[in-house]
Amino acid sequence: MKKVISSIIAPNQKFLSLGLLILRVLVGITMLTHGLAKLTSFSELSATFPDPIGLGSTLSLILIIGAEVGCSLFVIVGAFTRLAVIPLVFSMLVVIFVVHANDPFQMRELPFLYLGIYILLFFTGAGKISLDSIISKKIDVSIQK
């Protein structure tokens, strides 16, 4: 009985990387859809896109598309994950505290959720089922030679 309870409540390191893979793919795909929608509407959005940090509408749109499309692809495959989430964290902070600063919490709820996931991925990394893991193993092998 003790073993059954322990297996239910104790952390299971075997499934950590699988959980991180599922989290990365799901959050990456959902953020990717936001970026692709902006990318396909680029010409319509470029003149009217919000300019929350004073870079101009077009440059702000390019940067957010770069984060939402480019960085999301890196997150999905688990390549340079810790670096890839930095622009995503920054963009979610801008959305939460600048773009929707005066809006009700419901408007900031989804960006807060994304922010939490990106911060988690920054601290945990991509896990063993990722390109980061493959790259890390190759680097370790070449250093040992």
Side-chain angles (χ1 to χ4, degrees), residues 3-142:
K3 191 173 183 177
V4 172
I5 292 172
S6 177
S7 68
I8 293 170
I9 61 173
N12 188 333
Q13 295 300 318
K14 292 182 216 173
F15 293 113
L16 176 62
S17 289
L18 180 60
L20 288 171
L21 170 67
I22 293 167
L23 181 69
R24 283 191 350 257
V25 170
L26 290 177
V27 76
I29 289 171
T30 55
M31 183 56 72
L32 186 62
T33 62
H34 291 280
L36 290 175
K38 290 176 181 76
L39 184 60
T40 58
S41 303
F42 184 84
S43 57
E44 297 88 32
L45 289 174
S46 62
T48 60
F49 194 76
D51 180 22
I53 55 175
L55 299 173
S57 291
T58 303
L59 184 55
S60 292
L61 180 59
I62 290 169
L63 290 173
I64 199 66
I65 290 171
E68 291 180 356
V69 174
C71 293
S72 290
L73 290 171
F74 280 104
V75 168
I76 290 168
V77 298
F80 307 102
T81 305
R82 287 188 169 111
L83 291 175
V85 296
I86 292 171
L88 292 163
V89 165
F90 181 77
S91 64
M92 291 303 104
L93 289 170
V94 170
V95 168
I96 293 165
F97 296 110
V98 180
V99 175
H100 293 294
N102 297 320
D103 293 337
F105 181 73
Q106 289 80 4
M107 293 296 293
R108 295 178 283 155
E109 189 174 16
L110 186 58
F112 262 116
L113 186 60
Y114 280 119
L115 176 64
I117 293 169
Y118 295 140
I119 290 171
L120 177 124
L121 288 172
F122 181 80
F123 286 112
T124 63
K128 291 180 182 177
I129 309 169
S130 65
L131 287 179
D132 285 346
S133 180
I134 295 168
I135 292 166
S136 176
K137 286 176 187 169
K138 288 192 185 267
I139 290 172
D140 288 344
V141 168
S142 66

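FYI, the numbering just counts along the sequence from 1.
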**Prompt:** When rounded to the nearest 0.5 angstrom, what distance separates CE in Met31 from CG in Leu73?
**Reply:** 12.5 Å
**Request:** Over all heavy atoms of both residues, which pair between Gly127 and Ser130 is shortest? Give the atoms and the distance, please.
**Result:** O-OG, 2.7 Å
**Message:** Quick test of your reading: applying salt bridge (charged side-chain N to carboxylate O under 4.0 Å, His left out), list the pairs with at least one residue in residues 71-86, sequence neighbours left out, ordered by first then second residue.
**Reply:** none
**Request:** Might you work through the side chain to side chain contact (heavy atoms under 4.5 Å, CB included) test for Val95 and Tyr114, ending with a clear yes or no?
**Result:** CA-CA 11 Å; Val95 168; Tyr114 280 119; over 6 Å; no
**Item:** Arg24 and Ile76, any side-chain heavy atoms less than 4.5 Å apart
**Value:** no
**Prompt:** NZ of Lys38 to CG of Leu61: how many Å apart, nearest 0.5 Å?
**Reply:** 8.0 Å
**Request:** Report yes or no: does Asp132 contribute a side-chain atom to a donor-acceptor pair with the main-chain N or O of Thr81 at less than 3.5 Å?
**Result:** yes
**Non-hydrogen atoms of Gly35 and Ile65 that approach each other most closely** = O-CG1, 4.3 Å
**Contact check, side chains of Glu44 and Phe49, non-hydrogen atoms, under 4.5 Å** = no
**Complete:** Heavy atoms of Leu121 and Val75 approach each other most closely as CD1-CG1, 4.0 Å
**Asked** Where the side chain of Asp103 meets the backbone of Met107, is there a donor-acceptor pair that is under 3.5 Å apart?
**Response** no
**Asked** So, for Tyr118 and Val85, which heavy atoms are closest and what is the spacing to 0.1 Å?
**Response** O-CG2, 3.7 Å
**Between NZ on residue Lys128 and CG on residue Leu21, distance to nearest 0.5 Å** = 14.0 Å
**Fill in**
Residue set satisfying ring pair (Phe, Tyr, Trp, His ring centres under 6.0 Å) with Phe123, at least two apart, ordered chain then number -> none
**Fill in**
One should read off an interatomic distance between Ile22 CD1 and Phe15 CZ, to the nearest 0.5 angstrom, of 10.0 Å
**Request:** Mark yes or no for whether Thr40, through its side chain, and Ala37, through its backbone, hold a donor-acceptor pair below 3.5 Å.
**Result:** yes
**Fill in**
side chain to side chain donor-acceptor pair (under 3.5 Å) filter on Ser133, not counting sequence neighbours, yields none
**Item:** Residue pair Asp51 / Ser60: nearest heavy atoms and the distance that separates them
**Value:** OD1-OG, 3.2 Å
**Request:** Heavy atoms only: give me the nearest Ala126-Leu20 pair and the separation to one decimal.
**Result:** O-CB, 3.6 Å
**Prompt:** Is it true that a side-chain atom of Thr58 and a backbone atom of Ser46 form a donor plus acceptor pair closer than 3.5 Å?
**Reply:** yes
**Message:** Taking the side chain as everything from C-beta on, heavy atoms only, tell me whether Phe42 gets closer than 4.5 Å to Ile62.
**Reply:** yes
**Prompt:** Is there a side-chain contact between Phe122 and Ile86 (heavy atoms, below 4.5 Å)?
**Reply:** yes
**Asked** Rounded to the nearest 0.5 Å, how far apart are CD of Gln106 and NE2 of His100?
**Response** 12.5 Å
**Item:** Residues, nucleotides or ligands: over 12 heavy atoms within 6.0 Å of Phe74 CZ
**Value:** no
**Prompt:** Rounded to the nearest 0.5 Å, how far does CD1 of Ile134 lie from CD1 of Ile129?
**Reply:** 10.5 Å
**Request:** Without swapping roles, check the side chain of Thr33 against the backbone of Thr30 for a donor-acceptor pair under 3.5 Å.
**Result:** yes
